[in-house]
Structure formats: structure tokens, C-alpha cells
Amino acid sequence: MRLAIMGAAGRMGRALIRTIHETPNCDVSGAVERAGSPFIGKDAGEVAGVGPLGVAITSDAISLFTHVDGVLDFTTPAASVETAGLAAQARIVHVIGTTGFSPDDEAKIEAAARHATIIKSGNMSLGVNLLAALVEKAAAALDERFDIEIIEMHHKHKVDAPSGTALLLGEAAADGRHIQLADHKITAREGHTGERPLGAIGFAALRGGSVVGDHSVIFAGAGERIELSHRAEDRQIFARGAVAAALWGQGKGPGLFSMRNVLGL
Ligand SMILES: NC(=O)C1=CN([C@@H]2O[C@H](COP(=O)(O)OP(=O)(O)OC[C@H]3O[C@@H](n4cnc5c(N)ncnc54)[C@H](OP(=O)(O)O)[C@@H]3O)[C@@H](O)[C@H]2O)C=CC1
Ligand SMILES: O=C(O)C1=N[C@H](C(=O)O)C[C@H](O)C1
């Protein structure tokens with residue numbers, strides 16, 4: 001499968017190039033950075049530390065998409081929304097790992113998925129998607145006397161909060177309880193907050209150092225507490241999931257899919 005990488009010089013872009021380089025039947029066939037980036041013209045393999053691949057980083061995604069089968073995209077919400085439109089025109093698989101979308105962005109991606117195969121997830125790892133399935137089960141088994149709180153910690157460069165993973169886990173908990181996350185989520189507490197509302201799903205975000213991604217979902221009842229956690233130690237877990245998603249999406253036809261679809265969870 002011929003794959004292009006958006007944001008090729010970013011933390012995830014470099015991890016993706018390394019993973020594709022090691023994956024049979026997959027090629028790094030294009031690499032994109034924004035216009036004006038100091039990485040334009042540099043060899044994508046050299047930037048990722050795997051040696052020269054003969055693929056120069058470009059800002060011309062439109063021309064590139066006529067020559068690839070799929071694009072892996074871990075960039076910014078604005079870049080991913082634009083890429084979804086271009087991937088839909090080119091009828092290629094679009095794997096979106098970017099987080100921090102607004103409801104308006106989400107609507108644009110859903111519109112693009114009428115023409116493109118889009119696989120989108122706030123977390124591409126097997127472990128987190130299994131955790132989401134477990135959280136859904138736990139939330140279904142424990143009634144709202146068990147307060148749900150989601151804690152995440154990431155490296156100091158992360159720009160969005162709560163993390164896409166925390167929101168994904170919140171959605172899983174809400175699904176388990178047959179409620180809408182938007183009606184029950186609390187993302188900030190300060191000052192005289194009053195008592196915790198029954199049935200709320202709370203979020204807390206920590207930022208610091210080089211943490212790849214830690215998530216815990218706490219079910220706090222009277223006299224007992226259940227905690228389900230995942231610790232990411234290496235970005236390659238996300239990259240491996242993204243490549244598996246692209247391969248799964250080949251020949252699927254248009255639609256918006258998640259990693260739980262890919263993994264059958
Ligand atoms: N779903 C998952 O499993 C995971 C999701 N993520 C998410 O992926 C995203 C990226 O994370 P990370 O790699 O750490 O971030 P980085 O900032 O390291 O990388 C993003 C890259 O995208 C580039 N970029 C920005 N705009 C464009 C554009 N218009 N066209 C092409 N490239 C562009 C940036 O360039 P420049 O710096 O010049 O702006 C940068 O090189 C985040 O939203 C993060 O939350 C991260 C890990 C796992
Ligand atoms: O920005 C990151 O680094 C990560 N982002 C994703 C998120 O927002 O959950 C996934 C992972 O936790 C790393």
C-alpha cells in the first residue's frame with residue numbers, strides 16, 4: 001500500500017515513517033509538511049532517522065494524493081479537515097489521529113466520509129481501544145452511585161485538553177450508561193463548585209515533561225474504587241495502529257470508521 005504522511009516531521013509523523021519502513025507491503029510514498037516549513041525538500045527517511053528513502057517532503061498534498069492509496073494524518077484540526085476534503089476528492093483512505101476537533105470540524109469530516117474511507121480515533125493503540133471496551137462494560141454494570149472520573153497526563157508540548165483519548169473513554173462510559181457525554185461531562189473545577197452532580201463524568205488533565213500518554217478511568221463508589229488504566233510508553237503503538245487501520249480500510253468504500261471497527265472490539 002502506497003502511504004503518504006501528513007505532518008511527516010512531527011513526533012507522530014516520524015514514528016509513522018519508521019513503522020511503515022518496517023511493514024511489509026507498505027511504502028512511504030509521500031510526505032507532507034505545511035508550506036514554509038523548514039523540512040520542505042528534506043528526505044523523509046533522513047528526518048525520521050531510518051536513512052534516505054528518496055521521498056522529499058513537500059507541501060503539495062493535492063498532487064501527491066493522485067499517486068497514493070492512503071494518507072496518515074496526525075497534524076492539527078484545521079489541517080485534518082482540509083486533508084479530509086482532498087482525500088475524498090482523490091478517493092483514498094484517510095486515517096485521522098489528530099485530536100482537539102470542534103463540533104463544526106467533526107461535521108466537515110463526516111461530510112467528507114460520504115466519499116472517502118475515513119478511520120478516525122483519538123487513540124490508535126490496541127491497549128486503549130481494549131480499555132474503552134472494558135470501560136463501557138464497567139459503566140454498564142455500575143450504576144450512577146459510582147462516580148466516573150477520567151485522569152490523563154501528557155508531555156508538555158500537547159496543545160489540546162482533555163486528550164482525544166480521555167474523550168474517547170468518556171464516550172465509552174457514556175455509551176455504557178446509555179447517556180450523552182455532552183450532557184454529563186465536567187472538564188473544569190475551580191472555586192466553590194458545589195457538590196458533584198449525580199451521574200457526571202469528570203475530566204482532569206495534567207501536562208509535563210515527556211509523558212507519552214497516561215489515562216485512568218476511576219469508578220468511585222461508597223467505600224470502594226475501581227481504576228482502569230493504560231500507560232503508553234512508546235509512540236510506535238499509535239503508529240502501528242494507524243498503519244493497520246490504513247490496510248484495513250483498503251477497498252472498504254466510503255464511511256467514517258473507528259479503531260474499534262478496525263480491531264473488532
Ligand atoms: N490518535 C492517536 O493515537 C494519537 C494522536 N495524536 C495527535 O496527533 C496530533 C499530532 O501530534 P504530534 O505528532 O505530537 O504533534 P507535532 O506538533 O509533533 O506534529 C504535527 C506536525 O504536523 C505539521 N503540520 C501542521 N499543519 C500542517 C499542514 N497544514 N500540513 C502538513 N503538516 C502540518 C506540524 O508542522 P509545524 O510544527 O511546522 O506546525 C508538525 O510537524 C495531535 O493532535 C495529537 O493529539 C498523537 C499521538 C497519538
Ligand atoms: O498528543 C499526544 O501526544 C497524544 N494524543 C492523543 C490524545 O489526545 O489522546 C493520543 C495519545 O494519548 C498521545
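Order of listing sets the numbers, starting from 1, for every ligand and every atom in it. Basis for what follows: all heavy atoms, side chains included, without hydrogens, waters or symmetry-related copies. Residue indices begin at 1 and follow the sequence shown.
On a distance-only criterion, Gly97 and ligand 1 share at least one N/O pair closer than 3.5 Å. At under 3.5 Å, not a single nitrogen or oxygen of Ser125, backbone or side chain, sits near a nitrogen or oxygen of ligand 1. By the 3.5 Å distance cut-off applied to N or O atoms, His155 is not counted among the residues near ligand 1.
Within a 4.0 Å radius of atom 37 (O) of ligand 1, the protein has no heavy atom.
Given atom 47 (C) of ligand 1, the protein heavy atom at minimum distance is Met12 CG, 3.4 Å. Atom 3 (O) of ligand 1 has Met124 N, 2.9 Å as its closest protein atom, hydrogens excluded (heavy atom only). Protein heavy atom at the shortest distance from atom 41 (O) of ligand 1 is Glu33 OE2, 2.7 Å. Atom 25 (C) of ligand 1 has Thr76 CG2, 4.0 Å as its closest protein atom, hydrogens excluded (heavy atom only). Shortest contact from atom 15 (O) of ligand 1 to any protein heavy atom: Arg11 NH2, 3.7 Å. The nearest heavy-atom contact from the protein to atom 29 (N) of ligand 1 is Ala79 CB, 3.4 Å. Of the protein's non-hydrogen atoms, Thr99 N, 3.0 Å is the one closest to atom 43 (O) of ligand 1. Residue, atom and distance of the protein heavy atom nearest to atom 4 (C) of ligand 1 are Phe74 CE2, 3.4 Å.
In this structure, Gly122 is part of the shell of residues with a heavy atom less than 4.0 angstrom from ligand 1. By the 4.0 Å heavy-atom criterion, Ser121 is counted among the residues contacting ligand 1.
Rounding to the nearest 0.5 Å places CZ of Arg189 at 5.5 Å from CZ of Arg196.
Pairs engaging residues 27-40 under the side-chain hydrogen bond (donor to acceptor under 3.5 Å, both in side chains) rule: none recorded [sequence neighbours left out]. Legend: salt bridge (Lys or Arg N to Asp or Glu O under 4.0 Å) pairs involving residues 87-96, not counting sequence neighbours: none detected. Note on residues 237-265: pairs passing salt bridge (Lys or Arg N to Asp or Glu O under 4.0 Å), not counting sequence neighbours, are Glu136-Arg260.
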Please lay out, stage by stage, how Asp73 and Thr75 fare under the test side chain to side chain donor-acceptor pair (under 3.5 Å). CA-CA 6 Å; Asp73 176 2; Thr75 54; 2.7 Å; yes
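Between the side chain of Arg2 and the backbone N or O of His67, at least one donor-acceptor pair lies under 3.5 Å. At least one donor-acceptor pair closer than 3.5 Å links the side chain of Thr66 to the backbone N or O of Ser63. Asp105 places a side-chain N or O within 3.5 Å of a backbone atom of Ser102 that can act as its donor or acceptor partner. No donor-acceptor pair under 3.5 Å is formed between the side chain of Arg207 and the backbone N or O of His155.
Using a 3.5 Å distance cut-off with no hydrogens or angles, the side chains of His154 and Ser163 do not pair a donor with an acceptor. There is no side-chain donor-acceptor pair under 3.5 Å between Thr58 and Asp60.
In terms of hydrophobic clustering, with Ile, Leu, Val, Met, Phe, Trp and Tyr side chains grouped at heavy-atom distances under 4.5 Å, Met124 and Phe257 are assigned to a common cluster. Following chains of ILVMFWY side-chain contacts shorter than 4.5 Å, one cannot reach Ile92 starting from Val28, and the two form parts of different hydrophobic clusters.
In summary, the atoms of ligand 1 found under 4.0 Å from a heavy atom of Met6, numbered by their order in the structure, are 30 (N), 31 (C).
Side-chain atoms of Phe219 and Val135, non-hydrogen and from C-beta on, do get closer than 4.5 Å to each other.
Using a 4.0 Å cut-off between heavy atoms, Lys158 contacts ligand 1 through its side chain alone, with no backbone atom that close.
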Could you check ligand 2 for N or O atoms lying under 3.5 Å from protein N or O atoms and list the pairs with distances?
from     : atom 1 : to     : atom 2 : distance (Å)
ligand 2 : 1 (O)  : Lys158 : NZ     : 3.0
ligand 2 : 3 (O)  : His155 : NE2    : 2.8
ligand 2 : 5 (N)  : Lys158 : NZ     : 3.2
ligand 2 : 8 (O)  : Thr99  : OG1    : 3.4
ligand 2 : 8 (O)  : Lys158 : NZ     : 2.7
ligand 2 : 8 (O)  : Gly164 : N      : 2.8
ligand 2 : 9 (O)  : Gly164 : N      : 3.3
ligand 2 : 9 (O)  : Thr165 : N      : 2.8
ligand 2 : 9 (O)  : Thr165 : OG1    : 2.5
ligand 2 : 12 (O) : His154 : NE2    : 2.6

